[in-house]
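Read through the structure below, which is laid out as structure tokens, and then see the notes.
A, B, ... follow the sequence lines: proteins, then strands. Residue 1 opens every chain.
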2 protein chains.
Amino acid sequence: MSNMNDVAKEAGVSRGTVSNYLNNRPVRSDSKASIERAIAKLNYVRNTAARDLRASKSTFVVLIIPTVWTPFFAELTYWIQKNLEGQGYKMILCISNSEFDHEREYVTMAEEQRVAGIITISYSDLTQHVDAEMPLVAIEKEKTGLFPLVTSDNYAGGQLAAEAFRERDVTQYICLGFDLDSMGAMLSRQTGFTDFCNEQHLSNKVYELPSSKQGRDVLKRAMMATLQEIITDFSDQKIGIFAISDAYAKMALTLLQEMKIDVPNKVQIIGFDGGKSSQNALPELSSIRQPVELIAQTATDNLNQQIRGEGKRHPVSRDILPVSFTEGMTTVKTK
Amino acid sequence: MSNMNDVAKEAGVSRGTVSNYLNNRPVRSDSKASIERAIAKLNYVRNTAARDLRASKSTFVVLIIPTVWTPFFAELTYWIQKNLEGQGYKMILCISNSEFDHEREYVTMAEEQRVAGIITISYSDLTQHVDAEMPLVAIEKEKTGLFPLVTSDNYAGGQLAAEAFRERDVTQYICLGFDLDSMGAMLSRQTGFTDFCNEQHLSNKVYELPSSKQGRDVLKRAMMATLQEIITDFSDQKIGIFAISDAYAKMALTLLQEMKIDVPNKVQIIGFDGGKSSQNALPELSSIRQPVELIAQTATDNLNQQIRGEGKRHPVSRDILPVSFTEGMTTVKTK
DNA sequence: GTGAAAGCGCTAACAG
DNA sequence: CTGTTAGCGCTTTCAC
């Protein structure tokens with residue numbers, strides 16, 4: 001593979017001139033012509049790795065994400081990639097499975113590679129292990145306070161769900177879910193929901209389910225038992241189930257349909273997570289939708305500013321983005 | 001950020017010795033000790049970008065994929081990432097939306113970055129624009145014959161679906177779908193299905209739907225109309241619908257349920273695509289499952305061999321991987 | 001074993 | 001405008 005020296009020689013000019021040409025700096029038109037000829041002849045393509053080394057900069061950003069299999073993370077990955085690309089970065093995708101050791105290895109890799117920055121979605125205190133000089137933004141959780149955080153307003157989302165149920169004449173409020181992986185966020189959702197219920201004196205109850213890590217069958221069985229309990233205990237009520245994630249919501253819906261329960265007239269369901277891909281799948285769940293695109297944009301913008309040296313630290317930013325309620329087929333229409 | 005010179009100076013040895021130490025080459029134990037002290041003191045981390053430039057190699061692989069939002073692509077992305085990581089590569093994720101210009105830009109980027117190799121899932125003839133020296137493997141489609149191809153056996157998948165229906169006493173065979181994006185693969189599925197039916201003298205009919213690019217509502221309406229037509233035309237038959245993708249299958253299922261059609265007793269459905277995440281979502285579709293993990297592994301192994309210079313070109317390999325039928329809730333159980 | 005020197009491919013500073 | 005030079009941070013001979 002030919003390099004700048006070959007081009008310079010072939011064109012009969014010096015390497016510096018070729019460099020100038022490639023970087024759109026003024027070059028006499030005859031040298032320009034011969035350089036172009038040489039490039040075409042030799043099939044030259046510039047080596048950006050060398051360029052970046054020389055400039056001591058990098059155009060890589062590392063994204064560390066638990067998984068890419070769920071709608072929310074898939075969509076988030078998509079938008080982050082698109083934004084970074086728009087800003088001139090290339091994205092190195094690192095899938096952690098939420099394993100701490102794995103996450104740490106990725107951080108090491110990022111530092112060894114001298115990447116421009118890191119975006120993490122980690123539920124452990126990963127950021128403690130990151131050099132303070134490294135531009136980084138955390139999504140969903142960041143406890144150390146050392147790095148900027150972007151998250152959606154999980155608490156408000158819980159409230160919103162409860163409020164939506166109240167407008168739909170629900171008499172028994174249920175919160176369903178639990179997930180160790182992202183405890184903080186999940187807990188906020190739950191608290192938002194129950195706080196609203198309690199403030200408004202609405203009868204509510206929380207049911208915890210096993211972590212999805214224990215396998216689908218365990219979860220499914222537990223969910224089934226829970227639903228049956230709910231149905232019999234509150235047989236004379238209009239039930240509203242707020243599931244802590246769309247995955248739970250969808251599973252609950254399917255099981256209720258198998259049980260021949262009338263959704264949404266007897267039981268209404270609201271999920272949490274969103275992202276268009278879960279929306280696309282029929283039947284459409286009513287759900288609290290996170291502003292995925294906005295999360296991605298906020299995160300990438302912030303990161304870009306850090307890289308550019310425009311600070312954005314001190315005080316470290318905490319962006320809490322608004323969620324919204326999207327009406328699907330699992331809640332009744334309000335007049 | 002400190003470099004090897006700083007470490008050498010601090011440790012009172014030469015740069016070469018530090019390099020030897022870092023690469024596990026024999027070093028006298030007292031220099032070793034002082035180097036370690038220096039590294040710790042200066043917080044030194046090696047710069048792999050510089051290392052790779054010097055060695056004229058790269059540890060990056062580019063993955064160009066249409067999207068990451070569907071179960072199949074999400075799972076594929078996951079496994080490719082994991083395999084590449086296991087082989088010591090970092091993966092640059094490029095999401096093309098199946099846009100040709102976009103794909104080409106990614107290829108240029110890859111060549112400028114001097115990446116070790118490229119994995120593409122492209123439905124245009126992208127590979128014509130790739131330097132023949134660049135290690136590359138195509139997934140699903142590669143027409144030029146210049147680069148290795150890994151794909152699942154779409155034709156056999158169609159046959160398999162028809163065969164499954166026959167075992168389940170279906171009397172009217174329907175093939176549902178159409179997608180410009182991945183025409184080749186989709187067509188093979190359809191042909192496999194209809195060929196089997198025709199060979200076995202089974203009454204069959206193909207319905208084409210608008211591309212999903214035209215939006216969900218258009219598709220949904222068309223699907224609804226088609227299903228109604230099918231139901232009335234074949235009201236006295238046991239119908240088997242083979243949908244060309246799980247997305248179509250799921251949509252068909254939902255609509256049929258809305259229409260109060262008995263699935264699977266009146267109408268049975270088999271989808272195509274697979275990947276555990278679509279399996280995870282209840283209700284479970286009966287489906288032709290692609291060996292996603294195997295596709296990923298075959299592709300990454302092949303790429304790795306190319307990079308290592310073990311050829312694997314001439315003749316260029318064509319790996320056609322076996323699909324399988326997975327029983328879900330949308331077909332009747334056989335005795 | 002270790003130091004000195006050359007060089008991966010490029011950019012930037014500076015004379016001319 | 002262009003050639004020369006130095007050097008990004010590392011590895012790799014090759015003497016000693």
Output the rounded distance in Å from [atom1] ([X]) to [atom2] ([N]).
{"X": "A:L53", "N": "C:dT11", "atom1": "CG", "atom2": "C1'", "value": "11 Å"}
{"X": "B:D6", "N": "D:dC8", "atom1": "CG", "atom2": "P", "value": "10 Å"}
{"X": "A:I35", "N": "C:dC10", "atom1": "CD1", "atom2": "C1'", "value": "15 Å"}
{"X": "B:R114", "N": "C:dC10", "atom1": "CZ", "atom2": "C1'", "value": "11 Å"}
{"X": "B:Y21", "N": "C:dG3", "atom1": "OH", "atom2": "P", "value": "16 Å"}
{"X": "B:K32", "N": "C:dT2", "atom1": "NZ", "atom2": "P", "value": "12 Å"}
{"X": "B:K9", "N": "C:dG3", "atom1": "NZ", "atom2": "C1'", "value": "15 Å"}
{"X": "B:K57", "N": "D:dC10", "atom1": "NZ", "atom2": "P", "value": "14 Å"}

Do [X] and [Y] pair up side chain to side chain, a donor and an acceptor below 3.5 Å, judged on atom types alone?
{"X": "B:Q306", "Y": "B:N302", "value": "yes"}
{"X": "B:Y89", "Y": "B:N304", "value": "yes"}
{"X": "B:T17", "Y": "B:S31", "value": "no"}

**Study point:** Electrostatic pair A:E85-A:K90, nearest N-O below 4.0 angstrom
**Key:** no
Practice item. For the pair A:E142 and A:R318, find out whether any cationic side-chain nitrogen is under 4.0 Å from an anionic carboxylate oxygen. Key: yes
Point to revise | Interatomic distance, B:R46 atom CZ to B:N23 atom CG [nearest 0.5 angstrom] | key: 5.5 Å
Check your understanding: What class does the angle between the rings of B:F60 and A:F60 fall in, given that below 30° is parallel, 30 to 60° is tilted and above 60° is perpendicular?
Key -> parallel
Review point. 5'-most contact on DNA chain C: B:S31 or A:A50, nearest heavy atom basis?
Key: B:S31
Review point. Hey, does the side chain of A:N47 come within less than 4.0 Å of C:dG9's phosphate (OP1/OP2), counting only N and O?
Key: no
Check your understanding: Hey, does the side chain of A:T17 come within less than 4.0 Å of D:dG3's phosphate (OP1/OP2), counting only N and O?
Key -> yes
Check your understanding: What string of B, S and - do you get for nucleotides 11-16 of chain D 5' to 3' if you count protein non-hydrogen atoms under 4.0 Å?
Key -> BB----
Check your understanding: Contact class for A:T48 (heavy atom, under 4.0 Å): base, sugar-phosphate, or nothing?
Key -> nothing
Review point. Just checking B:Y44: base, sugar-phosphate only, or nothing, at a heavy-atom cut-off of under 4.0 Å?
Key: sugar-phosphate
Point to revise | Nearest-neighbour nucleotide for the A:S56 side chain, D:dC8, D:dC1, C:dC8 considered | key: D:dC8
Study note, to complete from the structure: Of the listed C:dC10, D:dC1, D:dC8, the closest approach to the A:R28 side chain comes from D:dC1
